[in-house]
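The structure appears right after this line, and notes come after that.
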Amino acid sequence: MGLRYELTRLSGETLDKNQQYVFISNHTSIMDIMLMCILCADHPICFVGKKELVKIPIFGTIYKRICVMVDRGSARSRADVYRRCAEKMEEGNSIVIFPEGGVPDDTTIILDEFKDGAFTLSSKHNSPIVIYTFVGLKEIFPFDNSKGYPGKAKVYFNGILYPSAPPKELKLSSFETIKKVLLKHYN
C-alpha cells in the first residue's frame with residue numbers, strides 16, 4: 001500500500017525465532033495489523049480480534065483464518081480465548097493482542113484503557129510480552145496528503161517483558177509501566 005515505517009530499537013534485546021511471544025502495541029489504525037505482520041515476519045502469528053470484523057467483505061474471509069475471534073459481549077467467548085490461544089501457541093504460533101481491545105472512535109484518545117488478556121495469556125503460558133509502539137498511523141491512514149502521501153510511521157521496539165509473577169501481579173505492575181512506555185513516544 002506504499003506505507004513506510006522507521007524502526008527504532010530502544011532495547012538491545014533480540015527475539016528468539018524458536019520462542020512463542022505475546023506481541024502487543026497501541027492500536028490506532030487498521031494498518032496496525034498489517035504492520036505487525038511485517039514486524040513479526042520470523043514468527044508465525046495469530047491475532048486476537050473482534051468477531052464483528054468477519055462481516056467485512058474479502059477482509060473477513062482472511063481474518064477468520066488468522067484470528068482467534070472474540071465476541072466481547074459474551075463472557076463465555078472471552079473466557080474461551082485463552083484455551084484457543086493456548087492451542088495456537090502449541091502449534092508454534094505467537095499471539096498478537098492489542099491490549100486496548102480496538103481502535104477508539106475518539107481520535108483524540110492516544111491510549112485507551114487496557115484489557116488484561118495479553119497479561120493473563122503471557123503469565124499462564126510463560127510467554128514473554130514483546131512491546132512495540134506505533135506512532136503516526138492514525139494520522140496517515142486514512143491517507144492524509146498533508147503528511148506526504150502516503151506517509152511514514154514510526155515504530156519503537158521497547159523491549160521484552162518476561163512473566164515472573166502470577167497473572168494478577170503481572171497485570172497490575174505491567175499495565176501502568178507499559179502505558180508509560182507507549183505514551184512517552186507521543187511527547
Side-chain angles (χ1 to χ4, degrees), residues 3-49 62-70 78-101 111 114-137 152-186:
L3 279 172
R4 296 166 295 145
Y5 70 95
E6 176 184 317
L7 176 63
T8 302
R9 298 184 62 79
L10 301 175
S11 168
E13 296 171 295
T14 58
L15 301 179
D16 179 349
K17 291 181 182 182
N18 299 312
Q19 168 75 50
Q20 282 83 32
Y21 294 97
V22 176
F23 291 97
I24 68 168
S25 81
N26 54 318
H27 201 14
T28 61
S29 165
I30 194 167
M31 296 310 295
D32 299 340
I33 297 163
M34 308 326 172
L35 187 52
M36 197 60 90
C37 288
I38 293 167
L39 294 171
C40 301
D42 291 335
H43 292 85
I45 56 174
C46 177
F47 289 86
V48 174
I62 298 166
Y63 183 73
K64 281 192 295 194
R65 293 175 181 237
I66 63 168
C67 280
V68 168
M69 289 172 285
V70 60
R78 290 190 314 267
D80 196 40
V81 165
Y82 300 111
R83 181 191 58 79
R84 290 182 286 152
C85 284
E87 290 171 0
K88 293 291 185 182
M89 292 178 95
E90 287 172 13
E91 295 170 6
N93 291 286
S94 288
I95 304 296
V96 176
I97 300 179
F98 298 105
E100 297 169 88
L111 192 62
F114 279 15
K115 313 291 187 272
D116 64 358
F119 306 97
T120 302
L121 187 63
S122 169
S123 186
K124 281 187 176 182
H125 299 287
N126 199 33
S127 296
I129 296 175
V130 178
I131 308 163
Y132 286 102
T133 305
F134 299 156
V135 178
L137 289 173
K152 188 175 195 177
K154 292 182 180 178
V155 177
Y156 297 92
F157 170 71
N158 298 294
I160 304 170
L161 177 65
Y162 294 90
S164 59
K168 291 268 189 241
E169 291 175 25
L170 177 68
K171 178 181 77 172
L172 294 175
S173 65
S174 300
F175 271 17
E176 292 310 313
T177 302
I178 291 174
K179 282 183 179 182
K180 286 177 187 173
V181 166
L182 293 172
L183 285 171
K184 78 178 178 183
H185 304 295
Y186 281 89

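In this text the structure is predicted, and so the values were computed from the model without any measurement. All residue numbers in this chain count up from 1 along the given sequence.
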Any chance you could measure [X], atom [atom1], to [Y], atom [atom2], to the nearest 0.5 Å?
X      : Y     : atom1 : atom2 : answer
Ile131 : Asn26 : CD1   : CG    : 11.5 Å
Ser122 : Ile95 : OG    : CD1   : 11.5 Å
Cys37  : Phe47 : SG    : CZ    : 4.0 Å
Met36  : Ser94 : CE    : OG    : 11.0 Å
Leu39  : Asp42 : CG    : CG    : 11.0 Å

Taking C-beta and beyond as the side chain, do [X] and [Y] meet within less than 4.5 Å on heavy atoms?
X      : Y      : answer
Tyr132 : Val155 : yes
Phe98  : Ile33  : yes
Val68  : Lys88  : yes
Tyr63  : Met69  : yes
Leu10  : Phe157 : no
Leu15  : Ile160 : yes

Closest non-hydrogen atom pair, [X] against [Y]:
X      : Y      : answer
Pro128 : Gln19  : CD-NE2, 3.3 Å
Tyr21  : Thr14  : OH-O, 4.3 Å
Asn93  : Gln20  : O-CG, 3.1 Å
Glu13  : Tyr162 : OE2-CE1, 3.7 Å
Gly92  : Pro44  : O-CG, 3.6 Å
Ser127 : Val22  : CB-CG2, 4.2 Å

Can you list the steps and then say if Cys85 with Val48 is a side-chain contact (heavy atoms from CB on, under 4.5 Å)? CA-CA 8 Å; Cys85 284; Val48 174; 3.5 Å; yes
Under 3.5 Å, is there a donor-acceptor pair between the Asn158 and Thr133 side chains?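 Side-chain D/A pair, Asn158 to Thr133: present.
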Is atom CZ of Arg65 surrounded by more than 12 heavy atoms (other residues, nucleotides or ligands) closer than 6.0 Å?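 12 or below, so no.
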May I ask you to decide if the ring planes of Phe23 and His43 are parallel, tilted or perpendicular, using 30° and 60° as cut-offs?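 The rings of Phe23 and His43 stand perpendicular, inter-plane angle above 60°.
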When the ring centroid of Tyr82 is compared with that of His125, is the distance short of 6.0 Å?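 Not under 6.0 Å, so no.
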With sequence neighbours left out, what residues match Glu90 under side-chain contact (heavy atoms from CB on, under 4.5 Å)?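 In terms of side-chain contact (heavy atoms from CB on, under 4.5 Å), with neighbours along the sequence ignored, Glu90 is linked to no residue.
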